[in-house]
Engineer: 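This is the structure I want to talk about, given as structure tokens.
As the structure is a computational prediction, the values presented were derived from the model and not from experiment. Note that the numbering runs from 1 along the sequence shown for the chain.
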Amino acid sequence: MKLSPFTHRLRELCADRNLAVGDLARKAQITHQYASMLLGGTRACARRDMLQRLAQALEVTVGELLEPPSRKIKHMPLLPRGRRQSKTAT
């Protein structure tokens, strides 16, 4: 299945922020299942209020959320549900 540019952009933003599916769901106040469908490309995001929630959760504007992806993320990082990947201090 070919993924939409929106799905690639959503994956890109989540990867840049080390957000797993559960993190996105919690921050956007959507179900884990819905977040999984959005990131898996099996559900389109057409409602403006949902775009606003996702953008707020990702700390971007709706316009930035709808920009074409700069790279394609084939798979979401395997992070525990609802947990952020910890960054080590350098």
Engineer: Using 0.5 Å steps for rounding, measure from the CZ atom of Arg11 to the CG atom of Asp16.
Structural biologist: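 Going from the CZ atom of Arg11 to the CG atom of Asp16 covers 14.0 Å.
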Engineer: Do Leu54 and Leu13 come close enough that some side-chain heavy atom pair is under 4.5 Å?
Structural biologist: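 Answer no - side chains too far apart.
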Engineer: Quick one: does Val21's side chain get under 4.5 Å of His32's, heavy atoms only?
Structural biologist: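 When only atoms from C-beta onward are counted, His32 and Val21 do touch, with a gap below 4.5 Å.
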Engineer: To check you understand the geometry: which heavy-atom pair defines the closest contact between Leu10 and Leu39, and what is its length?
Structural biologist: CG-CD2, 3.7 Å
Engineer: Do the non-hydrogen side-chain atoms of Glu64 and Leu58 ever get within less than 4.5 Å of each other?
Structural biologist: no
Engineer: For Arg47, what residues pass the side chain to side chain donor-acceptor pair (under 3.5 Å) criterion, not counting sequence neighbours?
Structural biologist: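 Asp49.
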Engineer: Got a donor-acceptor contact below 3.5 angstrom from the Glu12 side chain to the Ser70 backbone?
Structural biologist: yes
Engineer: Quick check against the 3.5 Å criterion: does Arg43 have a side-chain atom that pairs as donor or acceptor with the backbone of Tyr34?
Structural biologist: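 Here the side-chain-to-backbone pair does not exist.
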Engineer: Quick one: closest heavy-atom pair of Ala28 and Arg53, and the distance?
Structural biologist: O-CD, 2.9 Å
Engineer: Please report the closest heavy-atom contact between Leu24 and Ala57, naming both atoms and the distance.
Structural biologist: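 Of all heavy-atom pairs spanning Leu24 and Ala57, the closest is CD1-CB, 4.3 Å.
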Engineer: Distance from Arg17 atom CZ to Glu59 atom CD, nearest 0.5 Å?
Structural biologist: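 Reported to 0.5 Å precision, the distance equals 7.0 Å.
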Engineer: Evaluate the side-chain proximity of Thr7 to Leu38: yes if any heavy-atom separation is below 4.5 Å, no if none is.
Structural biologist: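 Not touching, per the 4.5 Å side-chain cut-off.
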Engineer: Does Gln52, at its CD atom, have more than 12 non-hydrogen atoms belonging to other residues, nucleotides or ligands within less than 6.0 Å?
Structural biologist: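 Buried by this count: over 12 neighbours within 6.0 Å.
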Engineer: Could you report the tightest heavy-atom contact between Val62 and Arg48, atom names first, then the distance?
Structural biologist: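 Shortest heavy-atom separation between Val62 and Arg48 comes out as CG1-NH1, 4.1 Å.
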